[in-house]
Amino acid sequence: MEVAAPAQLVFRLARDVERWPRLLPHYVLVRAVERRSDGTLVAEMVARRPLVPVLGLGLPVAWRSRTWCEPAALRLRFVHVGGATNGMDVTWRIEPTGTGSRVSIDHQFGPRVPGWAWFVDRAFTRPIATRTLATFKAIAEALAADESGTGPTANHLS
């Protein structure tokens, strides 16, 4: 996804997963379970997967993930631990571009049950990840516009 905001700004917004429920309306919970000595965080995460968006109906989806940041590379990493998505390896890549940044999320998931990865991807991963990226894009672009003096609050700040 192309984002009209600096890569560092997008990274700063996304790196603090414990703050996601305050920033992302579809995230219900991110709760730290363990802070490891290697700097990783194990967290329980719950997001709503929209079912009937017009009515605000969604299915809660829960998972546990070990997460960490790679600031020099502008990457976020998640490895799902336990449950239906055990072993899913997720990498967020945030890359500077001439007009802002490009953000991509790569999910690697190879469960033993045939078809399970396809079902999880279509039913849960894509809808939640797409909404997550779109929301971070909107927040980052609004902040970048305000910082440049072209956003909706620019006239009110001077």
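Atoms considered below: every heavy atom in the structure, side chains included; atoms not considered: hydrogens, waters and symmetry mates.
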Which heavy atom of [X] sits nearest to which heavy atom of [Y], and what is that distance?
X: Pro127; Y: Asp121; result: CD-O, 3.9 Å
X: Ala5; Y: Leu9; result: CB-CD2, 4.1 Å
X: Ala4; Y: Ala144; result: O-CB, 3.8 Å

Nearest 0.5 Å, please: how far is [atom2] in [Y] from [atom1] in [X]?
X: His80; Y: Arg66; atom1: NE2; atom2: CZ; result: 11.5 Å
X: Phe11; Y: Glu95; atom1: CZ; atom2: CD; result: 13.5 Å
X: Phe136; Y: Ile94; atom1: CZ; atom2: CD1; result: 9.0 Å
X: Thr125; Y: Trp118; atom1: OG1; atom2: CH2; result: 12.0 Å
X: Leu143; Y: Arg12; atom1: CG; atom2: CZ; result: 9.0 Å
X: Trp63; Y: Thr85; atom1: CH2; atom2: OG1; result: 8.0 Å

We want to know whether Glu18 and Trp20 form a side-chain donor-acceptor pair, criterion being a heavy-atom distance below 3.5 angstrom.
no
Please determine, by modelled atom types, if Ser104 and Arg93 share a side-chain donor-acceptor pair under 3.5 angstrom.
no
Step by step, would you call Val79 with Val90 a side-chain contact (heavy atoms from CB on, under 4.5 Å)?
CA-CA 6 Å; Val79 175; Val90 182; over 6 Å; no
Tell me whether [X] shares a hydrophobic cluster with [Y], the cluster being built from Ile, Leu, Val, Met, Phe, Trp, Tyr side chains joined at under 4.5 Å.
X: Val10; Y: Trp68; result: no
X: Val28; Y: Leu59; result: no
X: Leu23; Y: Tyr27; result: yes
X: Phe109; Y: Leu76; result: yes
X: Leu29; Y: Val33; result: no

Residues Leu133, Trp92; criterion side-chain contact (heavy atoms from CB on, under 4.5 Å); working and verdict:
CA-CA 10 Å; Leu133 276 180; Trp92 284 49; 4.2 Å; yes
Are any of the side-chain heavy atoms of [X] and [Y] separated by less than 4.5 Å?
X: Pro50; Y: His26; answer: no
X: Leu41; Y: Arg36; answer: no
X: Thr67; Y: Thr40; answer: no
X: Val61; Y: Arg48; answer: no
X: Thr91; Y: Ile105; answer: no

Sort out for me which residue in Arg77, Met45, Met88 forms a side-chain contact (heavy atoms from CB on, under 4.5 Å) with Ser65.
Met45
Tell me, with the steps shown, if Arg64 and Val42 meet side-chain contact (heavy atoms from CB on, under 4.5 Å).
CA-CA 7 Å; Arg64 185 175 282 202; Val42 177; 3.8 Å; yes
For atom CZ of Arg122, decide whether the heavy atoms of other residues, nucleotides or ligands shown that lie under 6.0 angstrom number more than 12.
yes
If only atom types and distance count, is the side chain of [X] paired as donor or acceptor with the main-chain N or O of [Y] below 3.5 Å?
X: Thr130; Y: Arg126; value: yes
X: Thr132; Y: Ile128; value: yes
X: Lys137; Y: Met1; value: no

Verdict with reasoning, Val3 to Arg102, per side-chain contact (heavy atoms from CB on, under 4.5 Å)
CA-CA 6 Å; Val3 180; Arg102 178 177 302 111; over 6 Å; no
